[in-house]
Amino acid sequence: MFRLFRKDRMWKRHALRDRYDVVIIGGGVHGLSTAYYLGKLGVKSVAVLDKGYLGGGASARTTAIIRANYLTPEGIPFFRESLKLYEGLAQELDFNLLFTQMGRLDLGHTDSAVFGLRLRAEFNQMLGVDSRMIGPAEVKELVPAIDLREGKPLPITGALYHPPGGVIRHDAVVWGYARGADRLGVELHPFTEVTGITRENGRISGVETSGGPIKAGTVVSATAGWSSIIASMVGLELPIVTHPLQAFVTEPLKPFLDKTISSANLHAYVYQTDRGEVVIGGGVDPYPTYSQRSTLHALEELAVNAVEMFPCLRNAKVLRQWAGLCDMTPDYAPIMGRVEGLEGFVLTCGWGSWGFKAAPVAGRCIAELIATGATPDLIRPFALSRFRDGLLVNERAAAPAAAVH
Ligand SMILES: Cc1cc2nc3c(=O)[nH]c(=O)nc-3n(C[C@H](O)[C@H](O)[C@H](O)COP(=O)(O)OP(=O)(O)OC[C@H]3O[C@@H](n4cnc5c(N)ncnc54)[C@H](O)[C@@H]3O)c2cc1C
């Protein structure tokens, strides 16, 4: 039995070699998707190194909401393409990812919130994303359990409805990409920490690791909440601050909710899983830290705001709560691409509290960049140099329960 299990491993074990063409630091969803698409493009000598187990960072803690209805002309096409890739991903990876496109509602409670949602509806429709404004009656029809009683301090006056939005099984995505990358010849090395990055003749030449030094033509940092630490290894200061983000689930309840619901005014989002558990999350904690401990304060605040939307949750018991790290940028948009003056170093970070949904398109684009040397148009606006050039991509209004996923 044991032998059979070993033979059927999802991915192979390898001895660490002393040279690869590409070393990817970080075996979360972004590192693994980049590795998979590199394999597809025929780049064979690729290693993914992670200091822990694969997918054990933010990718293990995500609430895995997938949607495309962002705000900017840069963000909408990018996330639209990612949603499209997610729609075909289970088939591509031959792995059930349990992607449920249940639909997503962003609630508007104030004039300014509704104005912002209207803008998003218009921009999304112009750019081919199915997202439209609906009134309270349709909200009630779609979500019968929602509290629309009059006299509440934050009444629901409208909502942005995005039918193709949904939720995916996060660990399946990670495992699917890992297995796919392995089958394409990529080496996966969990429990291998990068402790330094080496340079020779002005270009990146490799990494120092807990398993010894490795030479590499290209080093990719896909380390999300740890990106600033990795960047400091090459003397680079990123415009990133790491904040924790918390979420919790209730005990399983009888099915009552088949949409993901988010409220930027209440800083909370809610959905019910196939198992009946209700997932509740919100915006990042207001202080920067690398601690991944959850707090009673966040639990209380999220619970109060969720009950404000769904009074039926008031007696639900909390099953578990957790926190993960988010690499927040000033414009709530990611950073992808090469870094001027650091030849051989590639970044994919700034994924904040919204990055899981971007992994397919980001991984594919970063792989194309490495394989061809040309930056794909979809990621060009997200270069690090935009902070120097004053070309910020302001996704704040659409990104997170100001800051919701
Ligand atoms: C509670 C929570 C809810 C979220 N909900 C959503 C959501 O609903 N929708 C959405 O789109 N996004 C969501 N996100 C954000 C999303 O999870 C992240 O943006 C995404 O998972 C980042 O993936 P990644 O691969 O870049 O990083 P990670 O998954 O964090 O992977 C980075 C990896 O780098 C490794 N690493 C770090 N330092 C080193 C080193 N020195 N050497 C080797 N390895 C190293 C870490 O061990 C880690 O495994 C949420 C995040 C959290 C915390």
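Start at 1 and go down the list; that is how both ligands and their atoms are numbered. Just so you know, these numbers use all the heavy atoms, side chains as well, and skip hydrogens, waters and symmetry mates.
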Visitor: Which is it for Ala222 and ligand 1 at heavy atoms under 4.0 Å: side chain, backbone, both or neither?
Guide: backbone
Visitor: Is a salt bridge present between Lys84 and Glu87, judged by a nitrogen-to-oxygen distance below 4.0 Å?
Guide: no
Visitor: Within a reach of under 6.0 Å around CZ of Phe115, are more than 12 heavy atoms found that belong to other residues, nucleotides or ligands?
Guide: no
Visitor: Any nitrogen or oxygen of Trp354 lying under 3.5 Å from a nitrogen or oxygen in ligand 1? Just yes or no.
Guide: yes
Visitor: Check for me whether Gly225 has a heavy atom closer than 4.0 Å to any atom of ligand 1.
Guide: no
Visitor: Start with the C-alpha distance between Asn124 and Ser131, add both sets of side-chain angles, then the distance that settles side-chain hydrogen bond (donor to acceptor under 3.5 Å, both in side chains), and finish with yes or no.
Guide: CA-CA 6 Å; Asn124 275 274; Ser131 202; 4.8 Å; no
Visitor: Does Thr195 come within less than 4.0 Å of ligand 1, judged by its heavy atoms?
Guide: no
Visitor: Would you indicate which of Ser227, Gly26, Ser59 comes nearest to atom 21 (O) of ligand 1 when only heavy atoms are counted?
Guide: Ser59
Visitor: Say whether Ser353 and ligand 1 are in contact under the criterion: heavy-atom distance to a ligand atom below 4.0 Å.
Guide: yes
Visitor: If we only count N/O pairs under 3.5 Å, is Leu325 in contact with ligand 1?
Guide: no
Visitor: Assert yes or no for the condition that the ring centre distance of Phe382 to Phe78 is strictly below 6.0 Å.
Guide: yes
Visitor: Heavy-atom pairs closer than 4.0 Å: do any link ligand 1 to the side chain of Ile230, the backbone, both, or neither?
Guide: side chain
Visitor: I'd like to check whether Lys357 has a polar contact with ligand 1, where a contact means an N/O of the residue lying under 3.5 Å from an N/O of the ligand.
Guide: yes
Visitor: Does the distance from a Lys or Arg side-chain N to an Asp or Glu carboxylate O, for Arg386 and Glu74, drop under 4.0 Å?
Guide: no
Visitor: Tell me whether ligand 1 is touched by Gly352 - counting only heavy atoms on the residue side and a distance under 4.0 Å.
Guide: yes
Visitor: Should we count CG of Asp389 as having more than 12 external heavy atoms under 6.0 Å?
Guide: yes
Visitor: Between Trp322 and ligand 1, does any nitrogen or oxygen pair lie at a separation below 3.5 Å?
Guide: no
Visitor: Heavy-atom pairs closer than 4.0 Å: do any link ligand 1 to the side chain of Trp226, the backbone, both, or neither?
Guide: side chain
Visitor: When only distance counts, is Gly56 in polar contact with ligand 1, meaning an N/O pair under 3.5 Å?
Guide: no
Visitor: Hey, is ligand 1 close enough to Ile25 that some N/O pair sits below 3.5 Å?
Guide: no
Visitor: Given Val194, Thr34, Leu245, identify the one with the heavy atom nearest to atom 40 (C) of ligand 1.
Guide: Val194
Visitor: Hey, does Thr192 come in under 3.5 Å of ligand 1, counting only N/O atoms on both sides?
Guide: no
Visitor: Would you kindly specify which portion of Ala323 sits under 4.0 Å from ligand 1, judged on non-hydrogen atoms: side chain, backbone, both or neither?
Guide: neither
Visitor: Take the angle between the ring planes of Tyr86 and Phe99 and call it parallel below 30°, perpendicular above 60°, tilted in between.
Guide: tilted
